[in-house]
Amino acid sequence: MVLQAEEGLITPSVRVLVATAVPAERNAVAGAFPGAGAGESALPGTVRVVRAATGFDLLAAGVGPALAAASTATALTAAALAGRPYGLVVSAGIGGGFQPAAPLGSLVVADAITAADLGAETADGFLPVTELGFGTVTHRPPKSLVRVACGATGARAGTVLTVSTVTGTAARAAELRDRHPGALAEGMEGFGVAEAAAAHGVPVLEVRAVSNPVGPRDRAAWRIGDALTALTEAFGKLAPALESWNPHDH
C-alpha cells in the first residue's frame, strides 16, 4: 500500500534483515542506532533494533557462503512463518578492496554479487558454473536500491566477489581482476546471503567497508578498526534511506 501526501509518496517502512559474518560486524552496524531500543530477537545470534514503527534485525550469520546462506534462509523462513516477512536483506561487513579503486576505509556497494570460485578449473582456465550448464554465479541488487545506497553513503558501486578462500597472493588478485574487471571488493558471505534472499523472493544489497588490500596477506596493513567504524558511519546514513525505499520499485 502506498499513501499519497502533499509532498509526494509515502511508502510503508521496510523490515530489513542485515546479515554479517561475525558479531563484531553485527555490533558495528548496531552502533549506528544509538537512540533505538535493542534486544535479542527470537532467532539466536540476532539483535533487533527498533526505530519508530520499523525495525532492523541484525544477524551474525557466520563465516563463508554456505553458513551465511543457511542462517539467512532460517531467518527469512522464521519471519515469514511469524507473519512478519522481510522486505529487504543486506549483506554487510568488512572485506578486501582491489587497489587502487577501493582504498582502505572506503565503502563499496555491490551492483553485482558474484561467486568468484564457483565452477571448474580446466586446462584452458577457470569456467564458472553457468558455463557448465547449471546454477548461477551472479545476483544483481535492484538498480534503484544501489542508487539510494550510494547516494546516502557516498560509496562506490561495483562488483563484490564472494570467495570461499580469501585471496592471499598478487597472482590470485590479478587473476580475479582479469576475470571480473568491475570488481571493487571481495568478501566471503554475500553470494550465500543473496542465494537465500533470491529463494524467498526478497531483494538483496551488499555493503562492504574495506579493511585490507586484496592480494598478499600483510596483517600490518590491515585496518579492521577503521573499517568497522566506517561500517557504523555508513549505516547511520543508510538506515533512513533503506526505511524509505520502496521494494515494489525494483
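Being a predicted model, the structure only gives us computed values, none of them experimental. We count residues from 1, following the sequence as given.
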Output for pair (Arg223 CZ, Thr229 OG1), nearest 0.5 Å, gives 13.0 Å
Leu161 side chain reached by Leu176 side chain, heavy atoms, under 4.5 Å: yes
State, yes or no, whether a side-chain contact exists between Arg217 and Val166 at a heavy-atom distance under 4.5 Å. yes
With a 4.5 Å heavy-atom cut-off, do Thr138 and Thr130 have their side chains touching? no
Got a sec: does the CZ of Arg140 have more than 12 other heavy atoms crowding it under 6.0 Å? no
In terms of hydrophobic clusters joined by side-chain contacts under 4.5 Å, are Val204 and Leu118 together? yes
Hey, any chance Leu58 and Leu228 share a hydrophobic cluster, counting ILVMFWY side chains that come within less than 4.5 Å of each other, even indirectly? no
Examine distances only and state if a side-chain atom of Arg179 and a backbone atom of Ala116 form a donor-acceptor pair shorter than 3.5 Å. yes
Between Val29 and Leu231, does a side chain to side chain contact (heavy atoms under 4.5 Å, CB included) hold up when you go through it step by step? CA-CA 6 Å; Val29 175; Leu231 196 62; 4.0 Å; yes
Counting only N and O atoms by type, is there a donor-acceptor contact under 3.5 Å from the side chain of Gln99 to the main-chain atoms of Ala102? yes
Compare every heavy atom of Ala110 with every heavy atom of Val146, then report the nearest pair and how far apart it is. CG2-O, 3.5 Å
Any pair counted as side-chain hydrogen bond (donor to acceptor under 3.5 Å, both in side chains), so long as it reaches residues 149-170, sequence neighbours left out: Thr167-Glu186
Show your reasoning for whether side chain to side chain contact (heavy atoms under 4.5 Å, CB included) applies to Thr72 and His200. CA-CA 10 Å; Thr72 302; His200 283 259; over 6 Å; no
Given the rule that I, L, V, M, F, W and Y join up when any side-chain heavy atoms are under 4.5 Å apart, are Ile94 and Leu107 in one cluster? no
Going only through I, L, V, M, F, W and Y residues with side-chain contacts under 4.5 Å, is there a path from Val89 to Ile113? yes
Minimum heavy-atom separation for Ala92 and Val18, please, with both atom names. CB-CG1, 3.9 Å
How close do Ala79 and Tyr86 get, heavy atom to heavy atom, and via which atoms? CB-CE1, 3.4 Å
Cluster check Leu59, Val63: I/L/V/M/F/W/Y, side chain < 4.5 angstrom: no
Rounded to the nearest 0.5 Å, the SG atom of Cys150 sits from the CG atom of Leu238 at a distance of 9.5 Å
Electrostatic pair Glu206-Arg208, nearest N-O below 4.0 angstrom: yes
Show the nearest heavy-atom pair for residues Ala157 and Leu184, with the distance to one decimal. O-CD1, 3.5 Å
Measure from the side-chain N and O atoms of Glu131 to the backbone N and O of Leu127, and report whether any donor-acceptor pair falls under 3.5 Å. no
Which heavy atom of Asp111 sits nearest a heavy atom of Pro141, and at what distance? O-CD, 3.6 Å
Would a distance-only check, ignoring hydrogens and angles, find a side-chain to backbone donor-acceptor pair under 3.5 Å from Thr77 to Thr74? no
Are Lys237 and Glu233 within salt-bridge range, i.e. N to O under 4.0 Å? no
Please answer whether the main-chain N or O of Ala21 pairs with a side-chain N or O of Glu189 as donor and acceptor at a distance below 3.5 Å. no
Do Val207 and Val160 touch side chain to side chain, with heavy atoms closer than 4.5 Å? no
Rounded to the nearest 0.5 Å, how far apart are CG of Asn27 and OG1 of Thr20? 8.0 Å
Just grab all the ring-ring contact (aromatic ring centres under 6.0 Å, His included) pairs involving residues 169-193, residues at least two apart or on different chains. His139-Phe191
Has Ser91 got a side-chain atom pairing as donor or acceptor with Val193's backbone, closer than 3.5 angstrom? no
Can you find a heavy atom in the side chain of Leu104 that is under 4.5 Å from one in the side chain of Pro213? yes
Between Val210 and Ala227, the two heavy atoms sitting closest are O-CB, 3.7 Å
